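Everything quoted here is computed from the prediction, not taken from an experiment.
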Amino acid sequence: MLFSELSFIADENIDQEVVKYLRSQDVDVDYIPELGLSGLSDRQILSVAYNKGKSIITHDSDFGDLIFIENKPFHAVVYLRPGHFDPSLTIDSLKQLLDKEIEVNLPAIIVATRKSNKLNIRIREL
């Protein structure tokens, strides 16, 4: 499956402008605050995403602990680093991920780390 074909749930730490951008690119994305689920634990968000057949977009590394230590089921987690900065940086990272037509075999963890204008992408398929 191509990265661009995934359906997502954006964690509440993802800026609303990022969600708007993804939707403008015809990406299927739900947003935790719009679902009325703000304040849920990462464990609960992982469960909601899994039950809805969606992957998670986040700036939060805690999802990795739930997957690797607690063996929680998931489809994919897209961990964008660094987080909590200007949403235009996150949008640019996602644009690059969408444009590269990356093949992803689920379940997978995708880590996209931005350094200056360069995006390093690591995919760990489980």
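Residues Gly53 and Ser7 approach most closely at O-CB, 4.4 Å, considering heavy atoms. What you find for Pro33 and Ser38 is that their closest heavy atoms are CA-OG, 3.3 Å. In terms of heavy-atom proximity, Ala49 sits nearest to Ile9 at CA-CD1, 3.7 Å. Counting all heavy atoms, side chain and backbone alike, Phe74 lies closest to Pro107 at O-CB, 3.4 Å. Ile102 approaches Ile121 most closely through the heavy-atom pair CD1-CD1, 3.8 Å.
Side-chain atoms of Arg81 never come within 3.5 Å of backbone atoms of Val111 as a donor-acceptor pair (strictly under, hydrogens ignored). In this structure, Asn51 contributes its side chain and Ser47 its backbone to a donor-acceptor pair below 3.5 Å. Within the 3.5 Å criterion, the main-chain N or O of Met1 finds a donor-acceptor partner in the side chain of Glu103. A donor-acceptor pair is defined here as one N or O able to donate and one able to accept, closer than 3.5 Å; such a pair exists between the side chain of Glu12 and the backbone of Gly39. In terms of modelled atom types and a separation under 3.5 Å, the side chain of Gln44 and the main chain of Ser41 share a donor-acceptor contact. Of the possible polar contacts, none joining the Glu17 side chain to the Pro87 backbone as a donor-acceptor pair under 3.5 Å is found.
Within a 6.0 Å sphere centred on CG of Asn105, heavy atoms belonging to other residues, nucleotides or ligands number more than 12.
Annotation: side chain of Arg124 is in contact with side chain of Phe68 (closest heavy-atom distance under 4.5 Å). Leu94 places none of its side-chain heavy atoms less than 4.5 Å from the side chain of Ile91. The shortest side-chain heavy-atom distance between Leu6 and Leu106 falls under the 4.5 Å cut-off. Residues Leu97 and Leu80 meet the side-chain proximity criterion, which asks for heavy atoms closer than 4.5 Å. Contact of the Arg43 side chain with the Glu70 side chain is registered, since non-hydrogen atoms from C-beta on lie closer than 4.5 Å. By the 4.5 Å heavy-atom criterion applied to side chains, Thr113 and Leu119 are not counted as neighbours.
Two different hydrophobic clusters hold Leu37 and Val18 under the rule that ILVMFWY side chains link at heavy-atom gaps under 4.5 Å. By the rule that hydrophobic residues join a cluster once side-chain heavy atoms approach within less than 4.5 Å of another member, Ile45 and Val19 end up as members of separate clusters. A continuous path of ILVMFWY side-chain contacts below 4.5 Å connects Leu66 to Tyr79, so both sit in one hydrophobic cluster. No chain of hydrophobic side-chain contacts below 4.5 Å, direct or via other Ile, Leu, Val, Met, Phe, Trp or Tyr residues, connects Val78 to Ile109. Ile123 and Ile57 fall within the same hydrophobic cluster, where Ile, Leu, Val, Met, Phe, Trp and Tyr residues are linked whenever their side-chain heavy atoms come under 4.5 Å apart, directly or through other members.
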_CA sep, side-chain torsions, deciding dist, call: Tyr50, His75, ring-ring contact (aromatic ring centres under 6.0 Å, His included)_ = CA-CA 6 Å; Tyr50 183 76; His75 296 287; 4.7 Å; yes
*Verdict with reasoning, Glu34 to Arg23, per salt bridge (Lys or Arg N to Asp or Glu O under 4.0 Å)*: CA-CA 14 Å; Glu34 291 175 354; Arg23 289 177 177 157; 2.7 Å; yes
*asked:* Using side-chain contact (heavy atoms from CB on, under 4.5 Å), reason through Val29 and Lys54 one step at a time and then give a plain yes or no.
replied: CA-CA 8 Å; Val29 59; Lys54 299 208 175 216; over 6 Å; no
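Taking CG from Asp30 and CD1 from Ile56, the interatomic distance works out to 11.5 Å, rounded to the nearest 0.5 Å.
The distance between the ring centers of Phe8 and Tyr31 does not fall below 6.0 angstrom.
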